[in-house]
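For reference, the structure discussed in these notes is given below.
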Amino acid sequence: MKPLILFLGVVSSAGVAQTIDPAAVTEILESSDRLEAPGCVAGAFRNGSPIFVRGAGVADLQRKKPLNGDSVFPAASVSKQFTALAAAKLIEQGKLSLDDDAGKYLPELRTQDAPVTVGMLMHNTSGVKDWIALLLLSGGEVSAISRVEALGLLLKQKTNFTPGTRWEYSNGGFLLLSEIVARASGMPFEAYATKVILKPLGMKKSMFMNGALPKTANLVSGHVPEVGGYAPENDYARISGAGGLMTTMNDLAKYERDVAIGGRVWTPAVRKIMLTPGKLTSGEAAVTNTGTGYGGGLYIGQRYGQEFVAHLGGNAGFAMAYLRMPERKLGVILNCNHVEANVTQKGQKLIELIEGDILSSPGNSGQLKQAPAPASSTAQAPKAAAAAVKVPANVSGKYVSDELPASYELSEKDGQLEVTILSPFAPASGIKVRNFKALPNGSFQGGPLTIRFEPDGKGLTVSGGAAKDIRFYRAP
């Protein structure tokens with residue numbers, strides 16, 4: 001099965017003519033030696049013009065359709081820059097401001113000690129809890145929740161910390177940002193983002209989801225490894241904001257051209273909004289977990305001794321990378337339909353295939369990465385290794401929360417703890433979490449849950465990812 005490939009004449013950043021070996025690109029993209037296996041589609045662009053667009057592997061193992069530039073993938077967290085871009089277009093029009101109090105548009109929003117601004121949501125400094133983590137703590141699956149339900153979960157929560165005091169990656173902030181875009185524009189987020197981004201750029205095969213998947217034969221299936229091969233896995237969110245963009249490499253080529261040369265969507269005013277890293281309320285730079293800054297849904301700063309503007313994405317069965325090197329006028333994008341794909345490593349190899357050995361020089365600051373996305377569902381979340389756990393006496397019973405629409409039924413036997421999560425989002429029989437282990441700080445971790453018991457025995461707090469300290473108390 002021959003992979004699709006488009007190669008054009010290439011000029012390096014130094015202005016020297018180059019020839020890129022197609023076989024070398026395929027070798028980087030292939031996931032295994034098997035002809036009929038999931039794989040990747042990659043695009044490389046110089047100053048907005050394609051160097052190559054190439055696919056290797058199949059879209060799904062049933063139809064065995066080869067991946068190509070028109071294969072439709074979920075963009076996962078790479079969607080965040082599109083949500084920020086929609087907000088930036090409103091800011092450009094004077095209908096929104098980075099300094100606006102989010103409560104102006106979301107009066108139901110709860111905060112802690114200080115207001116959340118639009119800029120804090122865009123820069124991940126708001127402290128807003130992660131809606132996916134909240135759903136997992138409620139025993140739900142991301143593919144089965146509506147936008148209204150996700151917002152309902154999120155808007156009941158106080159922030160994890162005083163807004164603007166530190167950086168923390170959160171899917172919740174971008175869901176709220178998309179809702180502010182909707183309320184400020186007077187249009188559903190999906191409709192407004194399509195109007196101001198997809199249509200002007202001619203991204204006709206892309207869409208922002210709100211429950212429904214694209215109706216196209218080019219929709220790609222995700223995959224996870226199993227004994228002897230791969231199994232399909234497509235439990236990813238169907239709502240937009242933190243994710244939700246469905247797109248193709250050929251459409252992303254149109255987007256990348258506008259990022260590189262500007263004019264239609266990426267105007268000078270919008271570029272400044274998108275590429276200015278956020279600051280804390282103290283005036284200090286908001287430093288991410290990679291040591292870079294964070295702008296409009298984009299990590300911005302030095303990696304490997306080079307200037308990068310980048311973001312990674314991951315859904316159940318998928319991985320994506322958006323990598324730009326502004327000083328070299330180079331963009332590399334990857335869409336892969338299996339969780340084993342190391343898109344960071346593949347992206348680095350493609351960059352060096354084009355530019356030479358530029359990422360292993362002195363000053364290499366380590367891997368480009370983002371905070372790991374929560375698991376796709378509580379049932380599938382990795383479980384803690386079994387260990388002898390001594391839990392406090394008399395913790396068995398039912399616990400409820402004013403913050404989360406879920407109840408936790410705890411049972412303890414021979415020092416082992418079991419939790420059954422019951423909620424409107426969980427199966428009727430609930431989700432069981434076992435194999436808890438004791439942590440040095442006195443809490444107990446199992447699967448997606450970290451539980452800390454209150455000393456007086458009246459309640460407990462539950463945390464998971466960027467959803468922290470949700471209190472449960474014994475049911476009357």
Side-chain angles (χ1 to χ4, degrees), residues 76-92 96-106 109 111-133 154 157 159-181 184 189 193 240-243 259 266 269-303 307-313 322 324 326 368-371 373 465-468:
S77 286
V78 173
S79 306
K80 288 179 171 65
Q81 65 188 279
F82 289 82
T83 300
L85 186 56
K89 297 305 289 183
L90 285 172
I91 295 169
E92 182 184 40
L96 194 64
S97 167
L98 288 172
D99 296 325
D100 278 350
D101 186 338
K104 174 181 176 182
Y105 306 94
L106 303 169
L109 177 63
T111 63
Q112 180 172 296
D113 302 328
V116 168
T117 67
V118 169
M120 290 175 190
L121 295 174
M122 188 181 291
H123 301 139
N124 272 335
T125 58
S126 68
V128 168
K129 288 182 169 67
D130 191 306
W131 77 262
I132 297 178
L154 195 55
Q157 305 293 320
T159 51
N160 281 330
F161 52 84
T162 302
T165 58
R166 62 187 178 89
W167 188 91
E168 182 178 67
Y169 190 85
S170 172
N171 289 296
F174 277 86
L175 179 61
L176 293 187
L177 182 63
S178 72
E179 185 62 16
I180 289 174
V181 168
F189 171 78
S240 294
V259 174
W266 277 72
V270 165
R271 185 178 300 276
K272 182 177 180 181
I273 296 165
M274 293 291 291
L275 299 182
T276 300
K279 292 184 177 182
L280 304 179
T281 50
S282 65
E284 298 176 283
V287 180
T288 72
N289 59 315
T290 71
T292 68
Y294 196 89
L298 291 161
Y299 291 84
I300 301 168
Q302 287 277 322
R303 308 300 294 166
E307 191 70 21
F308 271 90
V309 174
H311 212 286
L312 305 183
Y322 178 81
R324 295 200 79 250
L368 178 72
K369 61 183 179 179
Q370 68 183 58
K468 298 181 175 65

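Start at 1 with the first residue, then count along the sequence.
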### Message
Suppose we screen for side-chain contact (heavy atoms from CB on, under 4.5 Å). Which residues come up paired with Ala114, at least two apart in sequence or across chains?
### Response
Thr162, Pro163
### Message
Minimum heavy-atom separation for Thr83 and Gly241, please, with both atom names.
### Response
OG1-O, 2.6 Å
## Note on the structure
Residues at least two apart in sequence or cross-chain that pass side-chain contact (heavy atoms from CB on, under 4.5 Å) with Ala102, listed by chain then number, are Leu109, Val116, Leu121, Ile180
### Task
For residues Leu154 and Gly172, report the shortest heavy-atom separation together with the two atoms involved.
CD2-O, 3.3 Å
### Task
List in chain and number order the residues that pass side-chain contact (heavy atoms from CB on, under 4.5 Å) with Ser170, two or more places apart in sequence or in another chain; answer none if no residue qualifies.
Asn124, Asp130
### Query
Looking at NZ of Lys272 and CD1 of Ile91, how far apart are the two atoms once the value is rounded to the nearest 0.5 Å?
12.0 Å
### Those residues that, when tested against Tyr294, pass ring-ring contact (aromatic ring centres under 6.0 Å, His included) (two or more places apart)
Trp167, Tyr299, His311
### side-chain hydrogen bond (donor to acceptor under 3.5 Å, both in side chains) involving Thr288 - partner list, sequence neighbours excluded
Thr290, Thr292
### Query
At their closest point, which heavy atom of Thr125 faces which heavy atom of Ala286, and how far apart are they?
CG2-CB, 3.7 Å
### Nearest atoms (heavy-atom pairs only) where Ala86 meets Phe189
CB-CE1, 4.0 Å
#### Entry: Results of side-chain contact (heavy atoms from CB on, under 4.5 Å) for Ala242 - residues two or more places apart only
Lys80, Trp131, Asn171, Phe174
### Task
Output every pair passing salt bridge (Lys or Arg N to Asp or Glu O under 4.0 Å) with a member in residues 83-92, not counting sequence neighbours, ordered by first then second residue.
Lys89-Glu92
### Query
Just by distance, do the side chain of Thr276 and the backbone of Ile273 share a donor-acceptor pair under 3.5 Å?
no
### Summary
Hits for salt bridge (Lys or Arg N to Asp or Glu O under 4.0 Å) against Arg271, two or more places apart or cross-chain, chain-then-number order -> none
### Summary
When every non-hydrogen atom of Ala88 is compared with those of Met274, the smallest separation belongs to CB-SD, 4.2 Å
### Task
Output all residues satisfying side-chain hydrogen bond (donor to acceptor under 3.5 Å, both in side chains) with Glu307, sequence neighbours left out; order by chain, then residue number.
Gln302
### Query
Does Thr111 offer a backbone N or O that forms a donor-acceptor pair with the side chain of Thr159 under 3.5 Å?
no
### Task
Can you run down the salt bridge (Lys or Arg N to Asp or Glu O under 4.0 Å) pairs that involve residues 159-178, sequence neighbours left out, and say none if there aren't any?
Arg166-Glu168, Glu168-Lys468
### Task
Answer whether the closest heavy-atom distance between the side chains of Leu298 and Leu275 falls below 4.5 Å.
yes
### Message
By the salt bridge (Lys or Arg N to Asp or Glu O under 4.0 Å) test, which pairs, at least two apart or in different chains, include something from residues 170-180?
### Response
Arg147-Glu179, Glu179-Arg183
### Summary
Here the side-chain hydrogen bond (donor to acceptor under 3.5 Å, both in side chains) pairs for residues 96-105, sequence neighbours left out, are Asp100-Tyr105
### Task
Compare every heavy atom of Pro277 with every heavy atom of Gly293, then report the nearest pair and how far apart it is.
CA-CB, 4.1 Å
### Task
Give the C-alpha distance, both sets of side-chain angles, the deciding distance and a yes or no for side chain to side chain contact (heavy atoms under 4.5 Å, CB included) between Leu98 and Thr117.
CA-CA 7 Å; Leu98 288 172; Thr117 67; over 6 Å; no
### Task
Apply side chain to side chain contact (heavy atoms under 4.5 Å, CB included) to the pair Thr165 and Leu280, showing each step before the final yes or no.
CA-CA 6 Å; Thr165 58; Leu280 304 179; over 6 Å; no
### Message
Could you check whether any side-chain heavy atom of Met120 comes within less than 4.5 Å of a side-chain heavy atom of Val128, counting everything from C-beta outward?
### Response
no
### Message
To the closest 0.5 Å, what do you measure between OG (Ser126) and NE2 (His123)?
### Response
11.5 Å
